[in-house]
Amino acid sequence: MKLQPPKGTKDLLPEENEERQEIYKEMRDLFETYGYGEVKTPAFEHFELLAEKSGPQIEEEIYAFEDKGGRKLGLRFDPTVPIARIVASDPSKPKPIKYYYITRMWRYDQPQAGRMREFWQAGCELIGTDEPEADAEILKIANGLLESVTGERFTMKVNSRDISEAIAEEAGATDEEERMELFRAIDKLDKKSRREVRDELMEKDVSVNKFDDMMDQIESENVPKDADENLEKIIDKAKELGVSEEDIEIDLSIARGLDYYTGFVFETFLKGKEDKGSVCSGGRYDSLIGLYGNQEVPATGFGLGIDRLLEITEKKKKEKRYRPADIYVCPVNDEVRDEALRLTQELRSDGFRVDTDLKKRGISKQLKYIDSKDIPYALIIGPREIENEEVSFKDMETGEERAIAMKEMQDYLKELPAIKQRSMKKEDHEDL
RNA sequence: GCCGUGGUGGUGUAGUCUGGCAGCAUGUGGGACUGUGGAUCCCUUGGCUCGGGUUCAAAUCCCGACCACGGCCCCA
């Protein structure tokens, strides 16, 4: 019996999950500030729907299976497809539609750095408008999300499919397949040298001359006029929304996913760690929804790899242990166990996070347990305390101890730093 | 799908080159110390990823699989 999770998956235990829940909460609040609503779509879809966008060879790269009714299904590998399905199925929804998601996805990939078979992605879609303001909003949300969650700065590298297509046109690359190969090659340049990329193209029998022509244009930043104008507008609007100048960079080599995007595209890199690759990318996809319905609906959006984000920013809360309770009630011996249990329950109904001994252990082992769980306060109760109608309060960090009268206890506990902090945090969330 | 490195109690490790009783630490569980011992001491628990091969003998050498980490391919 194998006890490890399947290849490319992992368990999230309370320690790590607690940290993530905080991040998700922050993300939700931000999306909702901009008027987006959360959607949850099924884990699996009709295979046909998934294949529509990318062709049947997608089967090699995802989890696809047949159910007991003989339906061909596949696990979601991209959150945009189900959302496009929803919109295509009801084109009468008032526009714009603003949806966001925080969810897991699956791809049948070879696991490696920043790539799991099951992984988490957050993102949003803004559907029903093709104005530059819409793309600017997407850029702003992505930027704000990255920076507020990590406290780091990111470079938003932007480009436009129109520009890339115009460059390809000028280089004489007319064949669709050839263009894709060339874009793919250009996109690799952040990881590979120009020579290596050229060698690969030669092996694939793709014209190296066209590649060189395109590179010359990209490097000269001699951008075809019309295409450029719209991108400039988007950048201007994003700046108006508060994205700082030095966070935006036009990079004509950004080409990832071009067969899906129709206009504006962007990728984001953690400043100083550009070699780790993009953590968040998005852009405009005006023809996807039309694939599923009988009506073209313009749309823009982005997706963000949560696991990858946490990995490259090294959220270093490793030493932070999961704290199952703030207060632990320690009965000193068996005589007072019932009293301890009563006290515990009373505090719980007052809203404190309280635990007590359920293993009939001695006080020494109890203190050791409290310490190992990072619980900050202990209430020691024994015959002496009961007689005086008090408890011995122990601060686990300092080791100091003092007697608190039973009736004053609630007020005293409420004012403790670790407890106050938690209830304040709760209120903060409720305000938003 | 391909390539590289690795896999020893729950966790961290020694042992692998040079085959010869699998060791240490920590954790878990129990106990002693009869209310501060969050200590200390004692006991217990539990392991060579799996399958073949070589050998008198395999954690150790060889082959394969699986898994992990990293890279390639691909990335909608």
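Here is how names work: the chains are called A, B, and so on, in the same order as the sequence lines, proteins then strands, and each is numbered from 1.
Among the heavy atoms of the strands lying under 4.0 Å from Glu385(A) is at least one base atom, whether or not backbone atoms are also near. Counting non-hydrogen atoms under 4.0 angstrom, Glu60(A) reaches nothing in the nucleic acid. Residue Ile370(A) is classed as having no contact, given no heavy-atom separation below 4.0 Å to the nucleic acid. Nucleic acid contact class of Arg384(A) (heavy atoms, under 4.0 Å, all strands): base. No contact: Gly303(A) has no heavy atom under 4.0 Å from any strand. Across all strands shown, Lys359(A) has heavy atoms under 4.0 Å from sugar-phosphate atoms exclusively, and none from any base. Within the 4.0 angstrom heavy-atom criterion, base atoms lie near Gly399(A). Residue Met105(A) is classed as having no contact, given no heavy-atom separation below 4.0 Å to the nucleic acid. Counting non-hydrogen atoms under 4.0 angstrom, Gln366(A) reaches nothing in the nucleic acid.
Base pairing of U16(B): no nucleotide in any strand meets the Watson-Crick or G-U wobble criterion (both distances under 3.5 Å). When both distances must be under 3.5 Å, the Watson-Crick or G-U wobble mate of G37(B) does not exist. Pairing for C72(B) goes to G1(B), judged as Watson-Crick or G-U wobble with the two contacts each under 3.5 Å. Nucleotide C21(B) forms no Watson-Crick or G-U wobble pair with any nucleotide shown, as no partner meets the under 3.5 Å limit on both distances. Nucleotide G6(B) forms a pair with C67(B), judged by Watson-Crick or G-U wobble geometry with both contacts under 3.5 Å.
For the pair Lys7(A) and C67(B), the criterion of a side-chain N or O lying under 4.0 Å from OP1 or OP2 is met. Not one side-chain nitrogen or oxygen of Lys365(A) sits closer than 4.0 Å to the OP1 or OP2 atom of A39(B). OP1 or OP2 of C74(B) has at least one side-chain nitrogen or oxygen of Lys188(A) nearer than 4.0 Å.
The distance between the ring centers of Phe393(A) and Tyr377(A) falls below 6.0 angstrom. Note: Tyr36(A) and Tyr99(A) fail the aromatic proximity criterion, with ring centroids not under 6.0 Å apart. For Tyr100(A) and Phe31(A), the gap between ring centers is short of 6.0 Å.
Taking the P atoms as reference points, C17(B) lies 41 Å from G30(B), given to the whole Å. Rounded to whole Å, the P atom of C61(B) lies 25 Å from the corresponding atom of G70(B). Between the C1' atoms of U44(B) and G1(B), the separation comes to 49 Å (whole Å). For G19(B) and U60(B), the P atoms lie 12 Å apart once the distance is rounded to whole Å. Nucleotides U26(B) and G46(B) place their C1' atoms 13 Å apart, quoted to the nearest Å. Using atom P as the reference point in both G23(B) and G47(B), the two lie 13 Å apart (nearest Å). For the C1' atom pair drawn from U13(B) and C50(B), the interatomic distance equals 23 Å after rounding to whole Å. Separating the P atom of A22(B) from that of G9(B) is a span of 16 Å, rounded to the nearest Å.
A cation-pi arrangement, defined by a distance under 6.0 Å to the six-membered ring centre and an angle within 45 degrees of its axis, is absent between Lys72(A) and Phe65(A). With a 6.0 Å cutoff to the six-membered ring centre and a 45° limit on the axis angle, Arg161(A) does not count as a cation-pi contact of Phe264(A). Both tests hold for Arg361(A) against Tyr369(A): distance to the six-membered ring centre under 6.0 Å, angle to the ring axis within 45°.
When the C1' atom of G35(B) is taken as reference, atom CZ of Phe393(A) falls 18 Å away, rounded to whole Å. Across the protein-nucleic acid pair, Arg337(A) atom CZ and G35(B) atom P stand 12 Å apart, rounded to whole Å. One interatomic measurement links the two molecules: CZ of Arg107(A) to C1' of C73(B), which rounds to 15 Å at whole-angstrom precision. Rounded to an integer number of Å, the gap from Arg115(A) CZ to C69(B) C1' is 14 Å. For Asp371(A) and G37(B), the CG to C1' distance is 13 Å, given to the nearest whole Å. Protein atom CZ of Arg361(A) is 18 Å distant from nucleotide atom P of C33(B), rounded to whole Å. Note: NZ (Lys276(A)) to P (G71(B)) measures 8 Å, nearest angstrom. Spacing between atom CD of Gln112(A) and atom C1' of G4(B) amounts to 13 Å, rounded to whole angstrom units.
Counting only N and O atoms by type, the side chains of Glu19(A) and Tyr24(A) include no donor and acceptor under 3.5 Å apart.
Checked against G35(B), G70(B), A39(B), the side chain of Lys368(A) finds its nearest nucleotide in A39(B). The side chain of Pro111(A) approaches C69(B) more closely than any other nucleotide in the set U36(B), C69(B), C75(B).
In the displayed structure, Lys40(A) atom NZ is contacted under 6.0 Å by more than 12 heavy atoms of other residues, nucleotides or ligands. Residue Tyr63(A) places its OH atom among more than 12 non-hydrogen atoms of other residues, nucleotides or ligands, all under 6.0 Å distant. Around CG of Asp67(A), the count of heavy atoms belonging to other residues, nucleotides or ligands within 6.0 Å exceeds 12.
Of the residues in residues 76-90 of chain A, those placing a heavy atom less than 4.0 Å from an atom of RNA chain B are Phe77(A), Asp78(A), in numerical order.
Nearest-nucleotide mapping onto RNA chain B: of Asn333(A) and Gln110(A), the residue sitting toward the 5' end is Gln110(A). Comparing Met116(A) and Glu400(A) along RNA chain B, the residue whose closest nucleotide (by nearest heavy atom) sits nearer the 5' end is Glu400(A).
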